[in-house]
Amino acid sequence: MKIFTTKNALQQHLQQLRQQGSSIGYVATMGALHDGHLSLLAQAKQQADVTICSIFVNPTQFNDPADLERYPRPIAADTAKLERAECDILFNPPVGEMYAGNENWHLDIGPLEHLLEGEFRPGHYQGVTQVVFKLFDIIQPNLAFFGQKDYQQVMVIRKMVQLLNLPVKVIMCPILRETDGLAMSSRNIHLSTADHEHALVLWQALNRAKSYFEEGMPIAQIEEKAAAMISHEPGTQLEYFTLADGDTLEHAEPHSTSIVALVAARVGSTRLIDNVIIR
Ligand code: AMP
């Protein structure tokens, strides 16, 4: 695996590969890699000639400085995992390589910006679009693989790609879970054994919501029951549980053609998100 920390060296290398006619499959991450990340890489390997993974903990998407500070950064272990997974290129730039001081950035992505995650993490999606735009601009991938785990993020990035007419195809990949159902996440290492047990209620509530929906229960009642289930679990603090339109993420209507149930909650001191596609 080739490792780059500067844009220039990476771009020179990618330029050569493009000239040879290779397609480029890209996986953007913040590191602390787990099997969920590696499943995106596996998809990329299947669909593109050359795979590139970036590890960059992007400061502009963190609205909580303490969260940024404690975000795990096990770069040696991550590099070894990518080597084993036969990733072709790792791009691991320092912050100064990506940002020249404070930069102005605002992209009007419409209501998606302030819904759900946007409401609880103000500014988050401006930081996400800012860094993903820069990374797409440097790498110019043909295909970019993102996880359904961050469902709203996929919608936001697709919106940006459409608005700016970027020549990249965004592919959404399924959520990888622990055997007990907990969605894999870099933040799970902050969960104590008890927190981990409590966190299972998220997946259980999402599944329950799916069954209720299939039984014909009204949407508002499903949300109420799922929220109550999570709120009753010790150590958890619910932020939202909602059934949303799978395209707009506005509140779902019974006739919405695609519906996704999304949840965010704090478990202990860790904020977790998860979702399930219901229709
Ligand atoms: P992150 O490092 O958390 O920014 O995640 C990098 C990419 O991996 C994003 O596209 C995530 O949606 C995706 N991802 C994170 N967790 C999972 C998971 N459990 N299963 C599949 N993809 C995931």
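Every number for a ligand or one of its atoms is a count from 1 in the order of the listing.
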S.K.: According to the interplanar angle, ranging from 0 to 90°, do the rings of F62 and Y71 count as parallel (below 30°), tilted (30 to 60°) or perpendicular (above 60°)?
M.R.: perpendicular

S.K.: Closer than 4.0 Å to some heavy atom of A28 - which atoms of ligand 1 meet that?
M.R.: 6 (C), 7 (C)

S.K.: List every atom of ligand 1 that sits less than 4.0 Å from any heavy atom of M184, numbering the atoms from 1 in the order shown and giving each element.
M.R.: 16 (N), 17 (C), 18 (C), 19 (N)

S.K.: Can you tell which of P174, C173, A183 gets a heavy atom nearest to atom 21 (C) of ligand 1?
M.R.: P174

S.K.: Within a distance under 4.0 Å of any heavy atom of D150, pick out the atoms of ligand 1 and give their elements.
M.R.: 11 (C), 12 (O)

S.K.: Do the side-chain N and O atoms of T5 and N92 include a donor-acceptor pair separated by under 3.5 angstrom?
M.R.: no

S.K.: Quick one: does ligand 1 sit under 4.0 Å from the side chain of V154, the backbone, both or neither, non-hydrogen atoms only?
M.R.: neither

S.K.: Under 4.0 Å, counting heavy atoms only: does R177 come that close to any atom of ligand 1?
M.R.: no

S.K.: Please identify which atoms of ligand 1 are closer than 4.0 Å to at least one heavy atom of G147.
M.R.: 9 (C), 10 (O), 11 (C), 12 (O), 13 (C), 22 (N)

S.K.: State plainly whether the residues R271 and E117 are in salt-bridge range, i.e. N to O under 4.0 Å.
M.R.: yes

S.K.: What atoms in ligand 1 come closer than 4.0 Å to a heavy atom of M30?
M.R.: 1 (P), 2 (O), 4 (O)

S.K.: By number and element, which atoms of ligand 1 are closer than 4.0 Å to a non-hydrogen atom of F146?
M.R.: 10 (O)

S.K.: Do the rings of Y26 and F136 sit parallel, tilted or perpendicular, given the 30° and 60° boundaries?
M.R.: perpendicular

